[in-house]
Asker: 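I have a structure here, written as structure tokens, and I will follow up with some questions on it.
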Amino acid sequence: MKTTTLTSAIPRVTKPPKRNDDRVILHFDYDCFYASVFENENPALKSLPVGVKQKSILATCNYVARARGVKKLMLISEAQRVCPDLVILNGEDLTRFRDVSKRLWSTLRAHSWNRRVERLGLDEVFLDVTDVIAYNAEMLNVHALGSSFFHLDRRDPEKGFAFDGAQFFGCVYPAGSAAVLPEDPLSVRLMLASHLAGYLRHKLEDDFGYTSSGGVSTSKVLAKLAGSVNKPKNQTTLLSLQDSDVVQEFMDAHQIRQIPGIGSRITQLIQEHVLSAPTTPQIQPGDESPLTVAQVRQHPGMSPELLERILSRPGSERGSGDKIWAILHGVDRSEVKEASDVPTQISIEDTYMARPLGTVAEVSRELHTLAASLLRRMRVDLTDAGKPPRWLAYPKTLRLSTCTRPRPSSKPGTEHHPFGRSSRSAALPRFALALPDSPINDDIEAIAARLVAESLLPLFRRLHPETPRPPQGGLNLGLINICVTNMVMVASAGDGENEEGGGGGGGNGRDIGRMFRTQEDKLREFTVYDTSGPSAEDGHKNDTVAKDASEDRRRSSGYNDDTKPAAVLLDGEDDTWDDDETDEDSFRCPLCGHPIPYFAASAHERFHSMED
DNA sequence: GTGCAAGAG
DNA sequence: GGTTCTCTTGCAC
């Protein structure tokens with residue numbers, strides 16, 4: 001039963017595309033994640049009301065605090081008023097949350113057969129488990145559902161867990177219809193998925209101490225909405241059986257603003273139309289519209305075409321009418337994306353609302369701090385764990401964004417002109433990619449200083465061409481964001497520690513090796529340029545290439561260059577350096593990890609810059 | 001490729 | 001005393 005849609009052949013219809021229940025999607029949402037991270041670091045917090053702040057607001061709080069009237073996104077002052085003994089922890093540095101998030105995500109990913117494991121923010125994950133469920137549906141004995149076994153591995157029939165296939169795990173929607181219908185394949189698949197979701201949630205709790213809420217359905221939107229029905233520490237399976245109105249009733253009961261994909265802007269535009277003339281002239285700010293899916297769907301004349309007209313302005317997405325119309329009917333064909341090893345973008349920002357930045361000197365200082373953080377993050381997120389580390393991917397572009405402070409006095413909510421963020425970007429200079437062999441952060445300050453001087457301040461001048469004369473404050477900057485993006489993949493994970501020398505292994509690293517060989521001639525005709533000499537400004541003696549370390553880094557066995565492309569490349573010169581000493585004559589290329597003599601650095605760099 | 005808007009948590 | 005700190009996607013140019 002596959003419904004392939006040939007768009008050209010299908011006439012425009014007012015009905016949404018029929019829902020397609022081919023897939024099975026799980027959604028996990030870690031309960032009050034930031035607060036849980038602190039609780040796991042310090043279990044004594046679990047019984048106390050805990051709030052996590054960023055600047056002057058509470059980013060989140062635990063359920064003890066919520067029971068006391070504390071809400072997410074409350075002002076600190078307000079939260080302290082309603083709950084004077086609230087324990088407030090600072091969550092402005094996201095490092096610890098990122099680390100935990102990554103570990104939980106890896107665990108979930110390890111149970112995926114198809115790598116479709118998508119992270120949404122730090123605390124949510126989607127899994128497309130269609131294949132796992134199909135396999136288990138085949139293996140299921142419908143005459144002995146009560147003593148079933150869930151297979152987590154096709155090749156190892158021992159791996160898995162026992163479960164009662166006569167029931168769903170956790171809650172179902174609508175509540176009470178908990179009987180599995182063995183003759184309905186979708187019912188069976190959702191039942192199986194509920195047990196898998198339950199198993200994984202308990203694994204996250206047992207192995208790491210993180211509880212979560214789960215949703216089980218046939219699309220991302222439905223799984224996510226289902227998951228929010230019973231929280232925390234619970235899960236909900238949406239029984240979207242073929243000939244039932246469950247999905248539509250489920251959608252109808254939501255306010256449109258709650259639907260993923262319908263944000264504040266779309267809510268506002270739809271509301272302005274629906275509540276326009278006759279009945280209620282009361283137009284609320286987009287975020288708290290009471291408008292429900294049912295109201296919008298049943299509004300006179302409502303159709304994908306009308307939605308398209310309401311929503312389309314310059315800059316808005318094409319086809320959003322169809323998309324919103326489909327979502328209002330519970331139809332969402334968006335795929336769970338494959339896990340990517342590296343982010344497509346890394347950014348660091350800070351806000352200066354209390355005291356906006358007024359002078360270039362202040363800006364310069366902040367840029368340095370931000371740049372140092374960014375460089376650290378690049379090394380954590382974009383390099384492998386090897387000794388020495390190598391870039392898995394590196395960014396080609398550096399971007400600086402700022403916004404001047406909103407305005408001295410305006411009421412919150414009314415004038416919806418939050419910030420004018422503006423940005424400029426430039427190529428990320430190569431020196432930012434230098435990697436030290438050992439103590440990983442020694443050189444960061446120097447690189448940051450150079451990045452500020454050579455890239456960030458020029459970008460800043462482009463952004464703010466005439467430094468305004470201070471009437472009383474000069475620049476008045478309320479936010480600075482710096483970002484690296486435009487990633488180029490260089491090596492696949494696990495490439496450095498070749499686990500298996502032989503047949504299939506390789507991936508990207510091998511392609512690069514091949515390119516090395518084809519570029520051999522060009523590399524031979526190197527010329528000795530300045531190999532990124534130390535820049536003399538502000539007295540920093542910074543060597544941007546990796547220095548030798550006293551470490552025993554080369555003893556890492558299995559890293560034998562003899563058979564590697566590098567040996568071919570270096571053919572004839574390979575006594576310039578030695579296998580166990582990267583001395584003053586050479587350095588390790590931060591991009592590919594190969595030892596490179598200084599006289600070849602320039603050519604080597606050109607080689608890398610020729611990669612697409 | 002660059003800059004912005006809008007979506008997400 | 002007054003919007004946190006990110007990340008992704010898609011449009012206009």
Side-chain angles (χ1 to χ4, degrees), chain A residues 27-30 32-34 52-60 72-78 90-95 97-98 101 118-126 220-221 224 228 257-269 286-287 311-320 323-324 327 334 337 340 342-356 370 373-374 377 381 396-403 405-427 459 462-463 478-487:
Chain A
H27 178 254
F28 299 87
D29 185 337
Y30 314 137
C32 41
F33 182 56
Y34 289 3
V52 179
K53 72 157 187 166
Q54 286 171 332
K55 295 282 152 52
S56 59
I57 62 160
L58 266 199
T60 191
K72 279 182 177 181
L73 303 183
M74 234 178 200
L75 289 177
I76 298 294
S77 49
E78 171 86 342
N90 189 325
E92 286 160 30
D93 181 349
L94 305 184
T95 309
F97 311 131
R98 271 194 287 263
S101 176
E118 183 179 345
R119 246 192 315 173
L120 185 54
L122 295 179
D123 69 338
E124 294 185 32
V125 178
F126 290 100
K220 285 171 47 167
V221 166
K224 182 174 159 106
S228 61
R257 185 57 180 87
Q258 301 179 278
I259 307 302
I262 303 185
S264 57
R265 193 74 188 105
I266 290 175
T267 298
Q268 190 188 332
L269 291 170
D287 261 8
L311 301 178
S312 80
R313 286 153 307 110
S316 65
E317 199 175 335
R318 271 175 315 128
S320 55
K323 206 178 92 189
I324 300 298
I327 278 183
S334 63
K337 275 166 302 191
S340 152
V342 294
T344 67
Q345 174 188 312
I346 299 173
S347 71
I348 303 279
E349 72 185 33
D350 205 348
T351 49
Y352 315 94
M353 18 145 225
R355 203 177 74 78
L370 294 171
S373 302
L374 186 66
R377 278 260 273 133
D381 291 356
K396 283 202 307 214
T397 306
L398 175 68
R399 179 167 63 225
L400 172 69
S401 313
T402 60
C403 69
R405 213 161 55 135
R407 79 186 48 182
S409 69
S410 75
K411 285 191 178 173
T414 49
E415 196 57 63
H416 211 40
H417 241 340
F419 306 96
R421 223 182 242 236
S422 49
S423 64
R424 294 292 180 272
S425 51
L459 284 173
R462 280 213 273 146
L463 221 34
L479 175 147
I480 298 179
N481 174 303
I482 62 180
C483 169
V484 287
T485 183
N486 216 342
M487 302 295 176

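Both backbone and side-chain heavy atoms feed into the values below; hydrogens, waters and symmetry mates do not. Here is how names work: the chains are called A, B, and so on, in the same order as the sequence lines, proteins then strands, and each is numbered from 1.
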Asker: What is the distance, rounded to the nearest whole Å, between atom CZ of A:R399 and atom P of B:dC4?
Answerer: 9 Å
Asker: Within the pair A:S401 and B:dG3, is there a side-chain N or O less than 4.0 Å away from OP1 or OP2?
Answerer: no
Asker: Between B:dG3, C:dT6, C:dT8, which nucleotide has the shortest distance from any of its atoms to the side chain of A:R421?
Answerer: C:dT6
Asker: Applying salt bridge (charged side-chain N to carboxylate O under 4.0 Å, His left out), can you list everything that pairs with A:K53, at least two apart in sequence or on another chain?
Answerer: none
Asker: Using whole Å, what does the distance between atom P of nucleotide B:dG1 and atom CE of A:M487 come to?
Answerer: 15 Å
Asker: What residues form a salt bridge (charged side-chain N to carboxylate O under 4.0 Å, His left out) with A:E349, not counting sequence neighbours?
Answerer: A:R421
Asker: Output all residues satisfying salt bridge (charged side-chain N to carboxylate O under 4.0 Å, His left out) with A:R424, sequence neighbours left out; order by chain, then residue number.
Answerer: none
Asker: Under the side chain to side chain contact (heavy atoms under 4.5 Å, CB included) rule, what do A:L120 and A:K224 come out as? Steps first, then yes or no, please.
Answerer: CA-CA 11 Å; A:L120 185 54; A:K224 182 174 159 106; 4.1 Å; yes
Asker: Choosing from B:dT2, C:dT4, C:dT6, which nucleotide comes nearest the side chain of A:E349?
Answerer: C:dT6
Asker: Within this structure, what is the OG-CD1 distance for the pair A:S316 and A:I266, rounded to the nearest 0.5 Å?
Answerer: 8.5 Å
Asker: Nearest to the side chain of A:L75 - C:dC7, B:dG3, C:dG2?
Answerer: C:dG2
Asker: Quick one: side-chain contact (heavy atoms from CB on, under 4.5 Å) partners of A:L269, sequence neighbours excluded?
Answerer: A:R265, A:E272, A:I310, A:L311, A:R313
Asker: Would you call the rings of A:F126 and A:H27 parallel, tilted or perpendicular if under 30° counts as parallel and over 60° as perpendicular?
Answerer: tilted
Asker: Looking only at the side chains, is there a donor atom on one of A:T485 and A:R399 sitting less than 3.5 Å from an acceptor on the other?
Answerer: no
Asker: List, with names and distances, any nitrogen or oxygen atoms from the protein found under 3.5 Å away from nitrogen or oxygen atoms belonging to nucleotides 10-13 of chain C.
Answerer:
residue : atom : partner : partner atom : Å
C:dC11  : OP1  : A:R318  : N            : 3.4

Asker: Pull out every protein N or O sitting under 3.5 Å from an N or O of nucleotides 7-9 of chain B, one pair per line with the distance.
Answerer:
residue : atom : partner : partner atom : Å
B:dG7   : OP1  : A:I266  : N            : 3.2
B:dG7   : OP2  : A:R265  : N            : 3.1
B:dA8   : OP1  : A:G261  : N            : 3.1
B:dG9   : OP1  : A:K224  : NZ           : 2.3
B:dG9   : O3'  : A:D123  : OD1          : 2.0
B:dG9   : O3'  : A:D123  : OD2          : 3.0

Asker: Hey, is the side chain of A:T351 poking within less than 4.0 Å of OP1 or OP2 on C:dT4, counting only N and O atoms?
Answerer: yes
Asker: Figure out the CG/C1' separation between A:L370 and C:dC5, and round it to whole Å.
Answerer: 12 Å
Asker: Listed by chain and number, what are the side-chain contact (heavy atoms from CB on, under 4.5 Å) partners of A:K55, not counting sequence neighbours?
Answerer: A:E92, A:D350, A:T351, A:M353
Asker: Got a sec, which residues hit salt bridge (charged side-chain N to carboxylate O under 4.0 Å, His left out) with A:K72, two or more places apart in sequence or on another chain?
Answerer: none
Asker: Does C:dT8 have OP1 or OP2 sitting under 4.0 Å from an N or O in the side chain of A:T344?
Answerer: yes
Asker: What integer distance in Å separates A:E118:CD from C:dT8:C1'?
Answerer: 9 Å
Asker: Using a 4.0 Å heavy-atom cut-off across all strands, classify A:K323 as base, sugar-phosphate, or nothing.
Answerer: nothing
Asker: Below the 4.0 Å mark, does B:dG3 have OP1 or OP2 next to a side-chain nitrogen or oxygen of A:S423?
Answerer: no
Asker: What is the distance, to the nearest angstrom, from the CD1 atom on A:I348 to the C1' atom on C:dT4?
Answerer: 13 Å
Asker: Taking only the side-chain heavy atoms of A:R377 (C-beta and beyond), determine which of C:dT6, C:dT8, B:dT2 contains the nearest atom.
Answerer: C:dT6
Asker: Is the distance from OP1 or OP2 of C:dT4 to the nearest side-chain N or O of A:K53 less than 4.0 Å?
Answerer: no
Asker: For the pair made of CG in A:N486 and P in B:dG3, what is the distance, rounded to whole Å?
Answerer: 12 Å
Asker: According to side-chain contact (heavy atoms from CB on, under 4.5 Å), who are the partners of A:E78, at least two apart in sequence or on a separate chain?
Answerer: A:M74, A:L75, A:R81
Asker: Which part of the nucleic acid, if any, lies within reach of A:S77 when heavy atoms closer than 4.0 Å are counted: base, sugar-phosphate only, or nothing?
Answerer: nothing
Asker: Between atom CG in A:L400 and atom P in B:dC4, what is the gap in whole Å?
Answerer: 11 Å
Asker: Taking the P atom in each of C:dG2 and B:dG7, what is the distance between them to the nearest angstrom?
Answerer: 26 Å
Asker: Which whole-number value in Å describes the distance from A:D93 CG to C:dT4 C1'?
Answerer: 13 Å
Asker: Check every strand shown and say whether A:S56 touches a base, only sugar-phosphate, or nothing at a heavy-atom separation below 4.0 Å.
Answerer: sugar-phosphate
